[in-house]
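Structure, as structure tokens:
Since we're looking at a predicted model, the values are computed, not measured. Computed from heavy atoms alone, side chains included, the values below leave out hydrogens, waters and symmetry copies.
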Number of protein chains: 2
Amino acid sequence: MKDVHNYDRDPDGSLYDPRVRAAMAGFAGGDPADPLTLLTCEAGAAVRTAYHSVERMRAHGSQGRGVSAGALDLLLRLNGSDQGISIGDLARAAGVSSRNVTGLMDTLENDGLALRVPDPGDRRSVLARITPAGRAWIEAFREPSRLAMRAMFQGFSAEELVVFRDLCLRLAANQHQLADRLSHLSQNGDQP
Amino acid sequence: MKDVHNYDRDPDGSLYDPRVRAAMAGFAGGDPADPLTLLTCEAGAAVRTAYHSVERMRAHGSQGRGVSAGALDLLLRLNGSDQGISIGDLARAAGVSSRNVTGLMDTLENDGLALRVPDPGDRRSVLARITPAGRAWIEAFREPSRLAMRAMFQGFSAEELVVFRDLCLRLAANQHQLADRLSHLSQNGDQP
DNA sequence: CCTTACCATGAAGGACGTACATAATTACGA
DNA sequence: TCGTAATTATGTACGTCCTTCATGGTAAGG
């Protein structure tokens, strides 16, 4: 499991993964008129790597306390709301299926960190709400998590963090727009 | 599953997710002497979002052709090598357990896209090698994937792609250094 | 030679995520 | 008003990724 992390640096000083580049060169490779394809492939792989790193750190901090990654996501969102959030809204906010949120809420409810209350305005709907125990859990989680996050982003300036967030969300926005277009294409015919 | 994607923009024009910020404000929140913590939390959440976007696009392109995300990762790496790569090396390169790579190789071998050959230099080791069918699969996958990647990173300049890759890998490098330090700490006593 | 370390894999399990079907409820149109 | 369609949460059933621990085969160094 020990990963010999030999990233290299391009002439401009930016990091890259030589193994990824070797793999992608044979894939996106030969066309010199299209250097952007190689770059996008490398960037896509880098996102994957970064995500795994974040998840691993998160696991160290939360999994040891009995809450998994997806459940933590929900709990943090619930912590930002007092009256509760419906299952569907949570699913849309997190970009996952509502069935998934139902399952995560089951585990949170079993642990006593959240509970379901009926939505007074819609009897089909269920509001998920954080419990005092949930808030206490988050409170205990706060400081170690803060330190871990700071360590993860060690060496990042505030400007770099902002740029990073912006690039990540632009990626997500592009994907979403694309997915919408694809689903509309498959629903309708062809030309507008 | 339709996600109403209402990201907002900070005064400087950079994207942020208001729901994440609301959740994180209550968590990393109040301390005005430490604005970086909120930023790091937002950045961490953004990585997660971006990763899911990439995975979803990848699923559209490959899962429909019978190869899952992890297996595709392996196949691309194998495509960059002719004589083959050992299971352990693949695991270290991808940052996952070797057991995991064994399982993914099983599926690739069942599909005929890769095969195992004995390592002439070490009879314990097994070299994973791509087959002609594997290369043909990749060839067929190349053009749709290229288009999808270009669409995903639409609006990204070459410089932004480089910066993005650099930031992602710096994150991964930090995490790795941190994990090493933690494991050493738990192995040894305390002070150096 | 023999102990130690390494390699791939079997076994078992956890977590995330999906699709489809269903019952309850709401919304809307004739 | 009544009936049809849409929405909400959830049951059922899967698939994939990833992990840890245990095991048999092999290499390396004393």
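- For the pair Asp73(B) CG and dC17(D) C1', the interatomic distance rounds to 12 Å; values are reported in whole Å.
- Electrostatic pairing of Asp8(A) and Arg19(A) does not count as a salt bridge here, judged by no charged N lying under 4.0 Å from a carboxylate O.
- Each of Met105(A) and His52(A) lies near DNA chain D, and the nucleotide nearest Met105(A) is the one positioned closer to the 5' end.
- Residues from residues 81-90 of chain A that place a heavy atom under 4.0 Å from any atom of DNA chain D, listed by number: Ser86(A), Ile87(A), Gly88(A).
- Partners of Ala140(B) under the side-chain contact (heavy atoms from CB on, under 4.5 Å) rule, at least two apart in sequence or in another chain, do not exist in this structure.
- Note on Val67(A): it clusters hydrophobically with Leu76(A), by side-chain heavy-atom contacts below 4.5 Å among ILVMFWY residues.
- Atom OH of Tyr51(B) and atom C1' of dC18(D) are 11 Å apart (whole Å).
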Can you give each donor-acceptor pair under 3.5 Å made by side-chain atoms of residues 126-133 of chain B, sequence neighbours left out, with the distance rounded to 0.1 Å?
from	atom 1	to	atom 2	distance (Å)
Arg129(B)	NE	Gln83(B)	O	3.3
Arg129(B)	NH2	Gln83(B)	O	3.1
Thr131(B)	OG1	Gly112(B)	O	2.7
Thr131(B)	OG1	Leu113(B)	O	3.1
Thr131(B)	OG1	Ala133(B)	N	3.4
Thr131(B)	OG1	Gly134(B)	N	3.0

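- Applying a 4.0 Å cut-off to non-hydrogen atoms, the residues of residues 107-125 of chain B that approach DNA chain D are Asp122(B), Arg123(B), Arg124(B), listed by residue number.
- In this structure, CG of Leu127(B) is placed 9 Å from P of dA8(C), rounded to the nearest angstrom.
- Asp73(A) is linked by a salt bridge (Lys or Arg N to Asp or Glu O under 4.0 Å) to Arg58(A), Arg77(A), Arg48(B), counting only residues two or more places apart in sequence or in another chain.
- By the salt bridge (Lys or Arg N to Asp or Glu O under 4.0 Å) test, Arg124(A) pairs with Asp122(A), sequence neighbours left out.
- The side chain of Ser97(B) contributes no N or O atom lying less than 4.0 Å from OP1 or OP2 of dC18(D).
- For Asn100(B), there are no side chain to side chain donor-acceptor pair (under 3.5 Å) partners at least two apart in sequence or on another chain.
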Distances under 3.5 Å only, N/O to N/O: pair up the protein atoms with those of nucleotides 11-15 of chain D.
from	atom 1	to	atom 2	distance (Å)
dG11(D)	N7	Arg99(A)	NE	3.0
dT12(D)	O4	Arg99(A)	NE	3.2

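- The phosphate of dC17(D) has OP1 or OP2 within less than 4.0 Å of a side-chain N or O from Ser68(B).
- For residues 80-106 of chain B, no pair satisfies ring pair (Phe, Tyr, Trp, His ring centres under 6.0 Å), with sequence neighbours left out.
- In this structure, CG of Asn100(B) is placed 13 Å from C1' of dA8(C), rounded to the nearest angstrom.
- For Glu109(B), the salt bridge (Lys or Arg N to Asp or Glu O under 4.0 Å) partners are Arg116(B), not counting sequence neighbours.
- Rounded to a whole Å, the CG atom of Leu74(A) is 15 Å from the P atom of dA15(C).
- Cluster partners of Leu147(A) are absent, since no Ile, Leu, Val, Met, Phe, Trp or Tyr has side-chain heavy atoms less than 4.5 Å from it.
- With sequence neighbours left out, Asp82(A) forms a salt bridge (Lys or Arg N to Asp or Glu O under 4.0 Å) with Arg135(A).
- Atom CG in Leu104(B) sits roughly 14 Å away from atom C1' in dA8(C) (whole-Å rounding).
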